[in-house]
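For the single chain, residues carry numbers from 1 onward in sequence order.
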Amino acid sequence: MAEIDTSSLTKFLDNYAEMTGVLRLALFELFTPHLPDPLWEDNWPTNAEALWGMLQLEEIELKPTGELGLSYAFIGDIWPDATFSLLVDGAQVKPMALDD
């Protein structure tokens, strides 16, 4: 059985604080199509910073390619079945999907 190279995960975790700006923007890009039609009235996030404050990292998946799949979800019961998916390759962050 081949060993999994975890260096990309270690590097990501070490640099998470520095990457939050890029992560915030990628998450907001996924959320942007929902801006015109608020799903709730209170504290509807209209910018990346507001959305970031409402989300938490739920899962990190280490892909065989060394890329990382990140899943974010709203904290609490705001939109309980929404999942934001990002793909991280080094310092590059790609928005993948907002699933409901």
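Once rounded to the nearest 0.5 Å, the distance linking CD of E29 with NZ of K94 reads 10.5 Å.
Without hydrogens or angle criteria, D89 side chain to Q92 main chain gives no donor-acceptor distance under 3.5 Å. No side-chain donor-acceptor contact under 3.5 Å links S71 to the backbone of S85.
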Determine, step by step, whether L51 and N47 satisfy the side-chain contact (heavy atoms from CB on, under 4.5 Å) criterion, reporting the C-alpha distance in whole Å, the side-chain angles of both residues, the deciding distance to 0.1 Å, and the verdict.
-> CA-CA 6 Å; L51 179 64; N47 59 56; over 6 Å; no

Do L70 and L57 pass the side-chain contact (heavy atoms from CB on, under 4.5 Å) test, and can you show the C-alpha distance, the side-chain angles, and the key distance before you say yes or no?
-> CA-CA 7 Å; L70 305 182; L57 179 61; 4.1 Å; yes

side-chain contact (heavy atoms from CB on, under 4.5 Å) assessment of L35 paired with F28 = CA-CA 10 Å; L35 285 176; F28 193 67; 3.8 Å; yes

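Scanning both residues, L62 and S8, for their nearest heavy atoms gives CD1-OG, 3.4 Å. For A17 against T20, the heavy-atom pair with the smallest separation is O-OG1, 3.1 Å. When all heavy atoms are compared, the tightest approach of A73 to E58 is CB-CG, 3.4 Å.
A ring-ring contact (aromatic ring centres under 6.0 Å, His included) check over residues 76-98, counting only residues at least two apart or in different chains, returns the pairs H34-W79, F74-W79, F74-F84.
Using cut-offs of 30° and 60° on the angle between ring planes, the pair F12 and Y16 is perpendicular.
Between Y72 and T83 the shortest side-chain heavy-atom distance does not fall below 4.5 Å.
Under the 4.5 Å side-chain contact rule for hydrophobic residues, I60 and L86 share a cluster. In the hydrophobic cluster analysis, where Ile, Leu, Val, Met, Phe, Trp and Tyr join through side-chain heavy atoms closer than 4.5 angstrom, L25 is grouped apart from L30. Tracing side-chain contacts under 4.5 Å through hydrophobic residues (I, L, V, M, F, W, Y), one never reaches I75 starting from M54; they form parts of separate clusters. Under the 4.5 Å side-chain heavy-atom criterion for Ile, Leu, Val, Met, Phe, Trp and Tyr, W40 and L27 are members of the same hydrophobic cluster.
Remark: aromatic rings of F31 and W44 are close, center separation under 6.0 Å.
In the hydrophobic clustering, where aliphatic and aromatic side chains (Ile, Leu, Val, Met, Phe, Trp, Tyr) are joined below 4.5 Å either directly or transitively, M96 groups with L87.
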